[in-house]
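Structure first, commentary second.
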Amino acid sequence: MRFSTSLLMVFITVGSLSAQVSNTSNENKNNKSQDSIIPDKNSADNELKEIVVSASRKAEILDEVPSSVTLLSKKQIQQQLSISSNLSDILGATVPGLGFTTNRTQNLGQTLRGRRVLVMIDGIPQSTPLRDGAKDMRSLDPSVLDRVEVIKGATAIYGNGADGGLINYITKKPNPDKKISGTTEAGTAFSLIKPKETAGFFVSQLFTGKLNKFDYVVSGRYEETGLYRDAKGRVLSPEYGMNDLKNWNAFAKIGYDFNSNNRLELMYNYFESTQHTDYIAKAGVYGNFDSPTIGVKGQRPGEPEGTPYNHNASLSYTGENFIGKTDVNATLYFQDYLTLINYSDFFENNGQPATQSKKLGFRLNLNSPYELSSLVSGNITYGLDILSDITDTHLTDGRLVIPEMKMNNLAPYFQIKNMFGPDLVLKTGLRLENVNIDVPDYTTIGIRNYVNGTYVGGGVAVNGGALDFNALMFNAGLRYTKWNLFKPFVSFSQSFSVADLGLVLRAAKENTVNNTSIKAVTANNYEFGFSGAFEKLSYEGAVYYSTSKLGASYVYVDGNPQISRSPEKIYGFELSAKYRLHSKVDIGANYSFTEGKRELATQKVYLGGDRINPPKITAFTTFRPLEDWAIFLQMISTTGRDRFQPVNGAYTYGTGPIKSFTAFNLSSSYTFKEKSTIRFGIENLFNKDYYTVISQWQSNNMNYVKENGTRLTVSFAQSF
């Protein structure tokens with residue numbers, strides 16, 4: 001570490017976490033929910049005044065953030081929740097630059113601007129960078145969310161895994177106006193195409209309030225999804241499927257205000273999602289539109305697939321004016337997570353893989369304001385992140401696939417926000433990553449080669465060892481806010497990640513860890529963007545360019561999965577706009593385009609569909625016939641992507657062409673007697689028959705799965 005002892009001591013006296021800042025009493029007073037509609041004639045400008053906490057680990061208005069940010073409010077989340085309870089669906093339908101939903105329990109390929117995204121719950125990392133199980137988006141139930149903040153592009157603000165940006169799930173805050181209040185909701189969902197066996201149901205209960213200096217939120221939700229069918233009424237494949245899930249979520253947040261400046265808060269969330277079905281997968285014929293993979297009656301081997309448990313807990317202290325005018329936030333957090341995928345012949349002698357990850361972390365964050373003159377002022381945010389992450393993959397019969405990797409991460413950081421007058425914002429910062437990973441001795445298990453059907457790579461005795469990674473990351477951004485019509489920004493930011501170490505270890509051919517091709521990836525993100533408002537119109541856009549000297553793409557060599565380390569370049573743009581067409585009608589749309597290539601010795605080749613999603617077009621209209629009645633219609637579309645030629649008549653992993661499609665969703669809510677609400681939502685309103693994006697680029701028979709046919713959700717909520 002090339003920092004002096006004195007500087008490190010400064011870092012150690014500092015820091016904390018964005019999501020926790022959102023719980024301070026000041027933000028409770030100032031934070032306004034961003035709706036998907038424009039609430040008044042001046043709201044186009046008001047949207048730029050929204051509070052965001054994840055961009056620089058302190059509360060600041062969106063207007064002053066020199067990077068691309070998407071905020072999802074509680075109302076937007078509820079609109080989408082009335083259509084689907086799958087967070088992969090909700091985010092895919094609302095966040096420009098994020099990949100299309102997979103319609104699975106797994107979010108494989110749902111990248112952000114072509115790179116991996118870091119998912120957090122109130123700042124607690126959910127992603128498993130040591131072994132990417134691609135289930136981090138479905139890490140809690142969306143009913144406990146107050147808002148979602150998506151920061152796009154490589155970010156130096158947070159640590160390992162934020163190559164494409166971050167998604168921060170911010171949980172609900174207490175209602176301070178009553179000693180006790182809450183909501184009870186119950187509903188059902190079922191297919192309108194051959195509804196037999198498709199009916200599911202859900203029930204939830206929320207209590208919240210404030211008693212003297214204590215405040216609280218306590219909620220629980222249980223859901224059974226029933227079967228999912230495609231537009232022809234065929235049962236969708238159960239592998240990674242949303243079929244017959246039993247979902248549990250328990251959430252509690254208790255806060256204590258010592259006084260107006262000091263607060264202690266405890267949060268806990270438990271999430272479980274496992275599949276209990278009488279169906280097995282029957283492979284389709286890839287490329288034949290009328291031969292999808294479907295579910296047929298049968299006994300699934302192994303234990304129920306899914307996430308048997310995901311525990312998250314945090315204890316946070318927030319102090320305003322803790323030392324002078326310096327604010328402090330200290331957060332201790334914990335996560336314990338287990339996920340199971342399907343039993344298969346992928347490993348020699350068959351088996352069912354389980355990935356377990358345990359994280360223990362501490363974040364210390366301080367923020368100090370300064371004023372050099374009437375024209376130059378700002379604040380310094382500085383701190384220290386400490387994280388211990390223990391991850392392994394084993395088979396349920398006890399065999400070890402990937403040994404228990406123990407990662408210790410120490411990262412001091414600081415960010416400076418300068419205001420030059422009222423209109424010019426300059427932000428700069430550094431983060432020093434120090435990562436140590438200990439790997440024990442282990443022996444590899446044979447992996448099936450699907451080209452020739454043999455098992456390869458088994459029986460290699462690998463000597464463990466210690467791996468050390470160090471990286472100094474830099475970010476800088478400039479934004480000019482004088483003109484309401486056009487507020488431009490430019491930014492540069494770096495990210496650091498140890499890309500899926502577990503996959504490298506699983507297929508190790510060397511007898512020592514230090515001889516394997518384990519290298520960290522540093523990504524550089526360059527961006528120019530703008531936002532603006534004019535009367536009833538608000539709009540924003542961004543152009544970005546991302547590079548990395550080392551890649552992290554999955555490729556198949558002779559039928560075996562590997563990670564390509566070739567340099568990568570990714571570029572694209574996003575445009576979005578909202579407009580109040582009438583006092584009762586709002587419309588909006590966005591378009592996002594991403595492309596990327598990796599550089600081989602003799603040529604440049606396109607990145608596969610697991611990294612680059614096709615262009616995404618979404619549009620919506622909100623109609624309010626009455627003050628308490630809203631109707632929301634949404635379109636999701638793509639023009640497709642076709643970048644590869646088949647080899648020997650067949651497409652390989654990631655190279656399958658993606659066909660164009662357009663689908664519509666509808667949701668509506670009506671509130672009567674002020675506290676009673678009826679909601680309904682229709683997914684795939686016109687019963688469009690099409691394949692998911694992931695099923696097309698994966699290009700194999702077993703994963704060739706269609707999207708849901710028309711599906712209805714109806715619920716009733718009573719508040720008190």
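FYI, side chains are in, hydrogens and waters are out, and symmetry mates aren't considered; it's all heavy atoms of this structure. We're numbering straight along the sequence, starting at 1.
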Mind checking whether [X] and [Y] have side chains closer than 4.5 Å, heavy atoms only?
X: Arg611; Y: Arg116; answer: no
X: Val513; Y: Asn463; answer: no
X: Val605; Y: Leu600; answer: yes
X: Arg221; Y: Ser143; answer: yes
X: Ile437; Y: Phe469; answer: yes
X: Leu607; Y: Ile612; answer: yes
X: Ile341; Y: Lys135; answer: yes
X: His311; Y: Tyr268; answer: yes

Whether Phe661 and Phe100 hold their rings parallel, tilted or perpendicular, with breakpoints at 30° and 60°: perpendicular

Glu223 and Ser85: side chain donor to acceptor below 3.5 Å: yes

Chi angles and distances behind the side chain to side chain contact (heavy atoms under 4.5 Å, CB included) call for Asn249, Tyr270: CA-CA 5 Å; Asn249 199 97; Tyr270 169 79; over 6 Å; no

With a 3.5 Å distance limit and no angle check, can you tell me whether [X] reaches the backbone of [Y] through a side-chain donor-acceptor pair?
X: Arg565; Y: Gly551; result: yes
X: Arg229; Y: Lys194; result: yes
X: Thr444; Y: Val460; result: yes
X: Ser139; Y: Asp136; result: yes
X: Ser291; Y: Val285; result: no
X: Lys706; Y: Arg234; result: no
X: Thr225; Y: Leu245; result: yes
X: Asn613; Y: Gly109; result: yes
X: Tyr169; Y: Met137; result: yes
X: Thr307; Y: Tyr309; result: no

Pair Tyr690-Asn684, side chain to side chain contact (heavy atoms under 4.5 Å, CB included): steps then yes or no: CA-CA 10 Å; Tyr690 66 106; Asn684 196 355; 4.2 Å; yes

Give the minimum heavy-atom separation between [X] and [Y], together with the two atoms involved.
X: Ala466; Y: Asn514; result: O-OD1, 3.6 Å
X: Pro125; Y: Leu118; result: CB-CD1, 4.3 Å
X: Val462; Y: Ala508; result: CG2-CB, 4.1 Å
X: Val117; Y: Ser127; result: O-OG, 3.6 Å
X: Pro238; Y: Glu305; result: O-OE1, 4.2 Å
X: Thr293; Y: Gly284; result: OG1-N, 3.1 Å

Going from [atom1] on [X] to [atom2] on [Y], what distance comes out if it is rounded to the nearest 0.5 angstrom?
X: Phe202; Y: Tyr222; atom1: CZ; atom2: OH; result: 13.5 Å
X: Asn524; Y: Ser495; atom1: CG; atom2: OG; result: 8.0 Å
X: Asn310; Y: Leu338; atom1: CG; atom2: CG; result: 10.0 Å
X: Met473; Y: Tyr158; atom1: CE; atom2: OH; result: 12.5 Å
X: Met242; Y: Asn247; atom1: CE; atom2: CG; result: 6.5 Å
X: Asn703; Y: Thr102; atom1: CG; atom2: OG1; result: 11.0 Å

Going by an N to O cut-off under 4.0 Å, is there a salt bridge joining [X] and [Y]?
X: Lys659; Y: Glu707; answer: no
X: Glu599; Y: Lys569; answer: yes
X: Asp389; Y: Lys358; answer: no

Among Thr391, Asp500, Asp392, side-chain hydrogen bond (donor to acceptor under 3.5 Å, both in side chains) partner for Arg131: Asp500

side-chain hydrogen bond (donor to acceptor under 3.5 Å, both in side chains), paired with Asn708, selected from Asn103, Asp89, Asp230: Asn103

Identify whether NZ of Lys or CZ of Arg in [X] sits under 6.0 Å from the centre of the six-membered ring of [Y] and within 45° of that ring's axis.
X: Arg300; Y: Tyr343; result: no
X: Arg711; Y: Tyr228; result: yes
X: Arg643; Y: Tyr606; result: yes

Crowding at NZ, Lys297 (>12 non-hydrogen neighbours, <6.0 Å): yes

More than 12 heavy atoms from other groups under 6.0 Å of CD on Gln299: no

Partner of Gln335 under side-chain contact (heavy atoms from CB on, under 4.5 Å), chosen from Ile124, Asn269, Ile121, Thr128: Ile124

Of Lys597, Lys549, Lys604, Arg598, the residue whose pairing with Glu568 passes side-chain contact (heavy atoms from CB on, under 4.5 Å): Arg598

Working for side-chain hydrogen bond (donor to acceptor under 3.5 Å, both in side chains), residues Glu433 and Asn409: CA-CA 7 Å; Glu433 290 283 358; Asn409 188 186; 2.9 Å; yes

Phe289-Tyr691 aromatic ring centre distance below 6.0 Å: yes

Aromatic ring proximity, centroids under 6.0 angstrom, Trp697 and Tyr653: yes

Audit row: Thr171, Phe251, side chain to side chain contact (heavy atoms under 4.5 Å, CB included) steps and yes/no: CA-CA 9 Å; Thr171 56; Phe251 171 73; 3.5 Å; yes

From CA spacing to verdict: side chain to side chain contact (heavy atoms under 4.5 Å, CB included), Phe346, Ile447: CA-CA 6 Å; Phe346 181 76; Ile447 299 173; 3.2 Å; yes

Tabulate below the donor-acceptor pairs under 3.5 Å that side-chain atoms of residues 399-408 make, not counting sequence neighbours, or state none.
{"residue": "Arg399", "atom": "NE", "partner": "Asp397", "partner atom": "OD1", "Å": "3.4"}
{"residue": "Arg399", "atom": "NE", "partner": "Asp397", "partner atom": "OD2", "Å": "3.1"}
{"residue": "Arg399", "atom": "NH1", "partner": "Glu348", "partner atom": "O", "Å": "2.7"}
{"residue": "Arg399", "atom": "NH2", "partner": "Asn350", "partner atom": "O", "Å": "2.4"}
{"residue": "Arg399", "atom": "NH2", "partner": "Asp397", "partner atom": "OD2", "Å": "3.0"}

